[in-house]
Number of protein chains: 2
Amino acid sequence: MARAATTSDAFNAVAEPRRREILNYLALQERSVGEIVATLELEQPSVSKHLRVLLDVGLVNVRREGRRMMYRVNAEAIRPLHEWTSTFERFWQHQLIRVKENAERKSSAWQGAIPAAGKTNSD
Amino acid sequence: MARAATTSDAFNAVAEPRRREILNYLALQERSVGEIVATLELEQPSVSKHLRVLLDVGLVNVRREGRRMMYRVNAEAIRPLHEWTSTFERFWQHQLIRVKENAERKSSAWQGAIPAAGKTNSD
DNA sequence: ACAATACATGCCGATATGGGAATATGTCAA
DNA sequence: TTGACATATTCCCATATCGGCATGTATTGT
(Lines give C-alpha, C1' and ligand atoms only; values in the text may rest on other atoms or scores of the structure.)
Protein backbone atom coordinates (compact mmCIF):
# COMPACT_ATOMS: atom_id res chain seq x y z
CA MET A 1 0.00 0.00 0.00
CA ALA A 2 1.04 3.54 -0.66
CA ARG A 3 -0.20 6.65 1.00
CA ALA A 4 -3.81 6.87 2.09
CA ALA A 5 -6.15 8.23 -0.54
CA THR A 6 -6.53 11.98 -0.49
CA THR A 7 -10.24 11.56 -0.94
CA SER A 8 -10.56 9.58 2.25
CA ASP A 9 -10.78 12.35 4.78
CA ALA A 10 -10.38 16.04 5.44
CA PHE A 11 -6.89 15.59 6.84
CA ASN A 12 -5.60 14.30 3.56
CA ALA A 13 -7.53 16.81 1.55
CA VAL A 14 -6.08 19.83 3.31
CA ALA A 15 -2.55 18.42 3.19
CA GLU A 16 -2.31 19.88 -0.29
CA PRO A 17 -1.28 23.55 -0.20
CA ARG A 18 -3.33 24.52 -3.22
CA ARG A 19 -6.43 23.08 -1.70
CA ARG A 20 -5.85 25.14 1.41
CA GLU A 21 -5.49 28.20 -0.79
CA ILE A 22 -8.77 27.42 -2.44
CA LEU A 23 -10.46 26.99 0.92
CA ASN A 24 -8.97 30.24 2.16
CA TYR A 25 -10.30 31.99 -0.89
CA LEU A 26 -13.72 30.43 -0.55
CA ALA A 27 -13.82 31.34 3.11
CA LEU A 28 -14.48 34.91 2.11
CA GLN A 29 -17.45 34.11 -0.06
CA GLU A 30 -18.96 31.78 -2.58
CA ARG A 31 -17.02 31.71 -5.86
CA SER A 32 -17.18 30.24 -9.33
CA VAL A 33 -14.46 28.03 -10.77
CA GLY A 34 -13.43 30.80 -13.12
CA GLU A 35 -12.93 33.22 -10.28
CA ILE A 36 -10.75 30.73 -8.45
CA VAL A 37 -8.70 30.11 -11.57
CA ALA A 38 -8.23 33.83 -12.16
CA THR A 39 -7.35 34.64 -8.58
CA LEU A 40 -5.13 31.74 -7.64
CA GLU A 41 -3.48 31.57 -11.04
CA LEU A 42 -3.84 27.85 -11.48
CA GLU A 43 -4.89 25.93 -14.56
CA GLN A 44 -8.59 25.36 -14.84
CA PRO A 45 -8.40 21.54 -14.93
CA SER A 46 -6.20 21.65 -11.88
CA VAL A 47 -8.71 23.74 -9.97
CA SER A 48 -11.55 21.49 -11.03
CA LYS A 49 -9.69 18.44 -9.80
CA HIS A 50 -8.89 19.99 -6.46
CA LEU A 51 -12.48 21.06 -6.09
CA ARG A 52 -13.54 17.54 -6.85
CA VAL A 53 -11.43 16.25 -3.98
CA LEU A 54 -12.74 18.91 -1.62
CA LEU A 55 -16.26 18.02 -2.69
CA ASP A 56 -15.72 14.31 -2.12
CA VAL A 57 -14.63 14.83 1.45
CA GLY A 58 -17.39 17.34 2.01
CA LEU A 59 -15.19 20.37 2.52
CA VAL A 60 -17.11 22.34 -0.09
CA ASN A 61 -20.59 22.42 -1.54
CA VAL A 62 -21.64 23.35 -5.07
CA ARG A 63 -24.55 25.03 -6.69
CA ARG A 64 -25.11 25.57 -10.35
CA GLU A 65 -25.83 29.05 -11.55
CA GLY A 66 -26.31 29.05 -15.27
CA ARG A 67 -23.09 27.83 -16.81
CA ARG A 68 -21.16 28.50 -13.69
CA MET A 69 -20.62 26.27 -10.70
CA MET A 70 -20.59 28.18 -7.46
CA TYR A 71 -18.49 26.64 -4.70
CA ARG A 72 -18.68 27.44 -1.04
CA VAL A 73 -16.90 26.17 2.06
CA ASN A 74 -18.62 23.65 4.26
CA ALA A 75 -16.91 24.47 7.53
CA GLU A 76 -18.52 21.57 9.34
CA ALA A 77 -16.07 19.28 7.60
CA ILE A 78 -13.15 21.27 8.99
CA ARG A 79 -14.42 20.88 12.50
CA PRO A 80 -12.96 17.42 13.15
CA LEU A 81 -9.60 18.83 12.21
CA HIS A 82 -10.03 21.75 14.55
CA GLU A 83 -11.09 19.47 17.34
CA TRP A 84 -8.21 17.12 16.86
CA THR A 85 -5.69 19.93 17.05
CA SER A 86 -7.51 21.24 20.11
CA THR A 87 -6.55 18.15 22.04
CA PHE A 88 -3.00 19.48 22.01
CA GLU A 89 -4.02 22.97 22.93
CA ARG A 90 -3.30 22.48 26.62
CA PHE A 91 0.39 22.09 25.86
CA TRP A 92 0.83 25.52 24.45
CA GLN A 93 -1.54 26.95 26.99
CA HIS A 94 0.79 25.72 29.73
CA GLN A 95 3.54 27.43 27.87
CA LEU A 96 1.62 30.66 27.62
CA ILE A 97 0.65 30.60 31.26
CA ARG A 98 4.26 30.17 32.28
CA VAL A 99 5.43 32.94 30.02
CA LYS A 100 2.79 35.17 31.46
CA GLU A 101 3.66 34.22 35.03
CA ASN A 102 7.32 34.84 34.44
CA ALA A 103 6.59 38.20 32.95
CA GLU A 104 4.45 39.15 35.91
CA ARG A 105 6.96 37.93 38.43
CA LYS A 106 9.75 39.83 36.80
CA SER A 107 7.88 43.06 36.59
CA SER A 108 6.22 42.97 40.00
CA ALA A 109 8.81 41.29 42.23
CA TRP A 110 12.23 42.56 41.59
CA GLN A 111 14.28 43.18 38.54
CA GLY A 112 17.89 42.18 38.53
CA ALA A 113 18.60 38.50 39.11
CA ILE A 114 19.09 36.48 35.99
CA PRO A 115 17.62 33.03 36.60
CA ALA A 116 20.57 31.21 35.05
CA ALA A 117 18.73 31.01 31.77
CA GLY A 118 18.48 27.26 31.25
CA LYS A 119 16.09 25.80 28.77
CA THR A 120 13.44 24.31 30.98
CA ASN A 121 12.13 21.20 29.40
CA SER A 122 8.61 22.33 29.91
CA ASP A 123 7.30 20.20 32.75
CA MET B 1 5.52 16.89 -9.93
CA ALA B 2 3.71 14.49 -7.69
CA ARG B 3 2.29 15.08 -4.29
CA ALA B 4 4.02 17.44 -1.90
CA ALA B 5 6.57 15.78 0.33
CA THR B 6 5.19 14.54 3.62
CA THR B 7 8.26 15.92 5.32
CA SER B 8 7.51 19.41 4.11
CA ASP B 9 5.05 20.54 6.75
CA ALA B 10 2.82 19.53 9.61
CA PHE B 11 -0.25 19.39 7.42
CA ASN B 12 1.22 16.63 5.34
CA ALA B 13 2.65 14.82 8.31
CA VAL B 14 -0.64 14.52 10.13
CA ALA B 15 -2.46 13.46 6.99
CA GLU B 16 -1.30 9.93 7.76
CA PRO B 17 -3.67 8.21 10.22
CA ARG B 18 -0.93 6.22 11.92
CA ARG B 19 1.03 9.34 12.61
CA ARG B 20 -2.00 10.88 14.22
CA GLU B 21 -2.35 7.78 16.35
CA ILE B 22 1.24 8.12 17.42
CA LEU B 23 0.72 11.76 18.29
CA ASN B 24 -2.42 10.93 20.23
CA TYR B 25 -0.51 8.33 22.17
CA LEU B 26 2.39 10.65 22.84
CA ALA B 27 0.01 13.36 23.94
CA LEU B 28 -0.50 11.46 27.15
CA GLN B 29 3.17 11.25 28.01
CA GLU B 30 6.66 10.71 26.73
CA ARG B 31 7.16 7.21 25.31
CA SER B 32 9.85 4.97 23.92
CA VAL B 33 9.68 3.46 20.46
CA GLY B 34 9.09 0.06 21.96
CA GLU B 35 6.09 1.26 23.88
CA ILE B 36 4.59 2.77 20.77
CA VAL B 37 5.16 -0.44 18.86
CA ALA B 38 3.56 -2.52 21.59
CA THR B 39 0.57 -0.26 22.04
CA LEU B 40 -0.28 0.65 18.49
CA GLU B 41 0.55 -2.79 17.14
CA LEU B 42 2.67 -1.60 14.28
CA GLU B 43 5.97 -2.96 13.04
CA GLN B 44 9.00 -1.38 14.63
CA PRO B 45 10.54 -0.13 11.38
CA SER B 46 7.24 1.39 10.47
CA VAL B 47 7.03 3.25 13.75
CA SER B 48 10.59 4.45 13.41
CA LYS B 49 9.89 5.77 9.96
CA HIS B 50 6.78 7.62 11.06
CA LEU B 51 8.66 9.07 14.00
CA ARG B 52 11.34 10.22 11.62
CA VAL B 53 8.78 12.15 9.61
CA LEU B 54 7.25 13.65 12.72
CA LEU B 55 10.69 14.61 13.89
CA ASP B 56 11.60 16.22 10.58
CA VAL B 57 8.59 18.50 10.68
CA GLY B 58 9.16 19.20 14.36
CA LEU B 59 6.01 17.55 15.63
CA VAL B 60 8.00 15.50 18.13
CA ASN B 61 11.24 15.75 20.04
CA VAL B 62 13.56 12.97 21.11
CA ARG B 63 15.78 12.26 24.02
CA ARG B 64 18.01 9.26 24.48
CA GLU B 65 17.69 7.28 27.65
CA GLY B 66 20.13 4.43 27.62
CA ARG B 67 19.29 2.25 24.68
CA ARG B 68 15.88 3.73 24.36
CA MET B 69 14.75 6.80 22.49
CA MET B 70 12.09 8.74 24.31
CA TYR B 71 9.72 10.68 22.08
CA ARG B 72 7.44 13.48 23.12
CA VAL B 73 5.00 15.74 21.35
CA ASN B 74 6.05 19.22 20.41
CA ALA B 75 2.66 20.85 20.40
CA GLU B 76 4.03 24.12 19.07
CA ALA B 77 4.22 22.51 15.65
CA ILE B 78 0.54 21.66 15.78
CA ARG B 79 -0.39 25.23 16.47
CA PRO B 80 -0.31 26.46 12.85
CA LEU B 81 -2.76 23.71 12.04
CA HIS B 82 -4.99 24.74 14.88
CA GLU B 83 -4.85 28.33 13.85
CA TRP B 84 -5.63 27.60 10.25
CA THR B 85 -8.72 25.62 11.17
CA SER B 86 -9.70 28.42 13.53
CA THR B 87 -10.15 30.77 10.62
CA PHE B 88 -13.22 28.73 9.73
CA GLU B 89 -14.50 28.59 13.25
CA ARG B 90 -16.89 31.49 12.78
CA PHE B 91 -18.95 29.40 10.39
CA TRP B 92 -19.86 26.77 12.89
CA GLN B 93 -20.06 29.27 15.69
CA HIS B 94 -22.96 30.86 13.90
CA GLN B 95 -24.47 27.44 13.93
CA LEU B 96 -23.76 26.94 17.63
CA ILE B 97 -25.16 30.29 18.59
CA ARG B 98 -28.39 29.44 16.91
CA VAL B 99 -28.57 26.06 18.57
CA LYS B 100 -27.91 27.68 21.91
CA GLU B 101 -30.52 30.35 21.36
CA ASN B 102 -33.09 27.78 20.47
CA ALA B 103 -32.24 25.77 23.53
CA GLU B 104 -32.53 28.80 25.73
CA ARG B 105 -35.84 29.80 24.29
CA LYS B 106 -37.21 26.36 24.89
CA SER B 107 -35.96 26.11 28.46
CA SER B 108 -36.86 29.66 29.45
CA ALA B 109 -40.37 28.46 30.20
CA TRP B 110 -38.94 25.95 32.62
CA GLN B 111 -37.33 26.97 35.82
CA GLY B 112 -35.28 23.99 36.80
CA ALA B 113 -34.10 23.07 33.34
CA ILE B 114 -30.68 21.50 33.24
CA PRO B 115 -28.26 23.85 31.45
CA ALA B 116 -27.13 21.10 29.12
CA ALA B 117 -23.60 20.84 30.51
CA GLY B 118 -21.87 21.18 27.20
CA LYS B 119 -18.19 21.34 26.56
CA THR B 120 -17.43 25.01 26.75
CA ASN B 121 -14.82 25.86 24.26
CA SER B 122 -12.83 27.66 26.92
CA ASP B 123 -12.06 31.04 25.47
C1' DA C 1 -29.14 23.88 -34.77
C1' DC C 2 -24.76 26.05 -33.92
C1' DA C 3 -21.15 28.37 -31.73
C1' DA C 4 -19.30 30.11 -27.54
C1' DT C 5 -18.69 29.80 -22.70
C1' DA C 6 -17.76 27.33 -18.32
C1' DC C 7 -16.40 23.19 -16.26
C1' DA C 8 -15.33 18.29 -15.75
C1' DT C 9 -12.88 14.25 -16.95
C1' DG C 10 -9.44 11.05 -19.05
C1' DC C 11 -4.83 9.87 -20.07
C1' DC C 12 0.04 10.45 -19.40
C1' DG C 13 4.54 10.61 -16.98
C1' DA C 14 7.41 11.77 -12.98
C1' DT C 15 7.59 11.23 -8.27
C1' DA C 16 6.54 10.36 -3.34
C1' DT C 17 4.64 7.19 -0.41
C1' DG C 18 4.08 3.20 3.20
C1' DG C 19 4.75 -1.57 4.32
C1' DG C 20 7.75 -5.68 4.63
C1' DA C 21 12.07 -7.85 5.05
C1' DA C 22 16.79 -7.49 5.79
C1' DT C 23 20.42 -5.13 7.66
C1' DA C 24 23.03 -1.44 10.01
C1' DT C 25 23.88 1.40 14.10
C1' DG C 26 24.19 2.35 18.88
C1' DT C 27 24.15 1.09 23.90
C1' DC C 28 24.48 -1.71 27.89
C1' DA C 29 25.97 -5.92 30.55
C1' DA C 30 29.05 -9.58 31.64
C1' DT D 1 35.25 -8.19 23.47
C1' DT D 2 31.08 -10.45 22.79
C1' DG D 3 26.28 -10.77 22.82
C1' DA D 4 21.75 -9.07 23.66
C1' DC D 5 18.72 -5.42 23.26
C1' DA D 6 16.58 -1.08 21.16
C1' DT D 7 16.13 1.56 17.34
C1' DA D 8 17.29 3.39 12.60
C1' DT D 9 18.07 2.81 7.80
C1' DT D 10 18.02 0.65 3.22
C1' DC D 11 15.97 -1.72 -0.63
C1' DC D 12 12.03 -3.09 -3.25
C1' DC D 13 7.32 -2.73 -4.91
C1' DA D 14 2.45 -1.57 -5.59
C1' DT D 15 -0.04 2.43 -5.64
C1' DA D 16 -1.75 7.22 -5.21
C1' DT D 17 -0.78 11.61 -6.41
C1' DC D 18 -0.29 16.19 -9.24
C1' DG D 19 0.33 18.72 -13.40
C1' DG D 20 -0.25 19.26 -18.41
C1' DC D 21 -2.74 18.43 -22.35
C1' DA D 22 -6.61 16.99 -24.89
C1' DT D 23 -11.25 16.06 -24.96
C1' DG D 24 -16.03 15.52 -23.15
C1' DT D 25 -20.29 17.67 -21.32
C1' DA D 26 -23.66 21.14 -19.91
C1' DT D 27 -25.69 25.72 -20.58
C1' DT D 28 -26.63 30.07 -22.89
C1' DG D 29 -27.34 33.20 -26.86
C1' DT D 30 -28.58 33.82 -31.69
Side-chain angles (χ1 to χ4, degrees), chain A residues 1-23 25-26 29-72, chain B residues 1-26 29-73:
Chain A
M1 246 187 251
R3 188 191 280 193
T6 158
T7 52
S8 58
D9 63 1
F11 285 93
N12 270 287
V14 305
E16 167 63 42
R18 267 75 185 260
R19 285 197 282 264
R20 287 202 299 279
E21 283 179 33
I22 291 175
L23 289 174
Y25 183 55
L26 291 181
Q29 69 176 92
E30 189 185 49
R31 295 289 190 178
S32 72
V33 177
E35 289 173 313
I36 300 172
V37 169
T39 304
L40 302 189
E41 296 182 311
L42 298 172
E43 300 291 327
Q44 176 266 311
S46 198
V47 170
S48 282
K49 283 182 224 173
H50 283 311
L51 286 170
R52 177 76 172 145
V53 172
L54 294 174
L55 192 60
D56 283 346
V57 301
L59 279 165
V60 298
N61 292 324
V62 216
R63 174 174 72 87
R64 180 179 281 282
E65 188 178 283
R67 320 178 189 176
R68 297 186 303 168
M69 301 294 275
M70 306 302 289
Y71 285 84
R72 54 158 57 190
Chain B
M1 244 186 254
R3 190 192 279 194
T6 159
T7 51
S8 57
D9 64 1
F11 284 92
N12 270 287
V14 305
E16 167 64 41
R18 268 73 185 261
R19 286 197 282 265
R20 286 202 300 278
E21 283 179 34
I22 291 175
L23 289 174
N24 288 340
Y25 183 55
L26 291 181
Q29 69 176 93
E30 190 184 48
R31 296 289 190 178
S32 71
V33 177
E35 289 174 311
I36 300 172
V37 169
T39 304
L40 302 189
E41 296 182 310
L42 298 172
E43 301 290 328
Q44 176 266 313
S46 198
V47 169
S48 281
K49 281 183 235 175
H50 284 311
L51 286 170
R52 178 78 172 140
V53 173
L54 294 174
L55 191 60
D56 283 345
V57 301
L59 279 166
V60 297
N61 293 325
V62 217
R63 174 175 71 86
R64 178 178 284 281
E65 188 178 282
R67 319 178 190 178
R68 297 185 304 166
M69 300 295 274
M70 307 301 291
Y71 284 84
R72 54 158 54 192
V73 170

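Chain identifiers are assigned alphabetically (A, B, ...) following the order of the sequence lines, protein sequences preceding nucleic acid strands; residue numbering begins at 1 within each chain. Below, each value reflects all heavy atoms present in this structure, side chains not excepted, and no hydrogens, waters or symmetry copies.
- A sub-4.0 Å separation between OP1 or OP2 of C/dC7 and a side-chain N or O of A/Arg52 is absent.
- Listed pair B/Ser48 / D/dT7 fails the phosphate criterion, with no side-chain N or O lying under 4.0 Å from OP1 or OP2.
- The phosphate of D/dA6 (OP1 or OP2) has no side-chain N or O of B/Ser32 nearer than 4.0 angstrom.
- At D/dA8, one or more side-chain N or O atoms of B/Tyr71 fall inside 4.0 Å of OP1 or OP2 (strictly under the cut-off).
- Geometric assessment of B/Arg20 against the ring of A/Phe11 yields a positive cation-pi assignment under the 6.0 Å and 45° thresholds.
- Distance, B/Glu41 CD to C/dG19 C1': 16 Å, rounded to whole Å.
- When the options A/Leu26, A/Val60, A/Val62 are evaluated for a side-chain contact (heavy atoms from CB on, under 4.5 Å) with A/Leu54, the one that passes is A/Val60.
- Remark: the A/Gln44 side chain and the C/dA8 base include a donor-acceptor N/O pair separated by less than 3.5 Å.
- In the set C/dA8, D/dA8, D/dG19, D/dG19 carries the atom at the smallest distance from any side-chain atom of A/Glu16.
- Listed pair A/Arg18 / D/dG19 meets the phosphate criterion, a side-chain N or O lying under 4.0 Å from OP1 or OP2.
- Atom-to-atom, NE2 of B/His50 to P of D/dT9 comes out at 15 Å; the value is rounded to the nearest Å.
- Mapping A/Arg67 and A/Val47 onto DNA chain C via the closest heavy atom, the residue that lands nearer the 5' end is A/Arg67.
- For the residue pair B/Leu51 and B/Tyr71, the shortest heavy atom distance occurs at CD1-CE1, 3.6 Å.
- The residues B/Arg19 and B/Glu21 are annotated as not salt-bridged, no charged nitrogen and carboxylate oxygen being separated by less than 4.0 angstrom.
- In this structure, A/Arg68 does not reach the D/dA26 phosphate: none of its side-chain N or O atoms is under 4.0 Å from OP1 or OP2.
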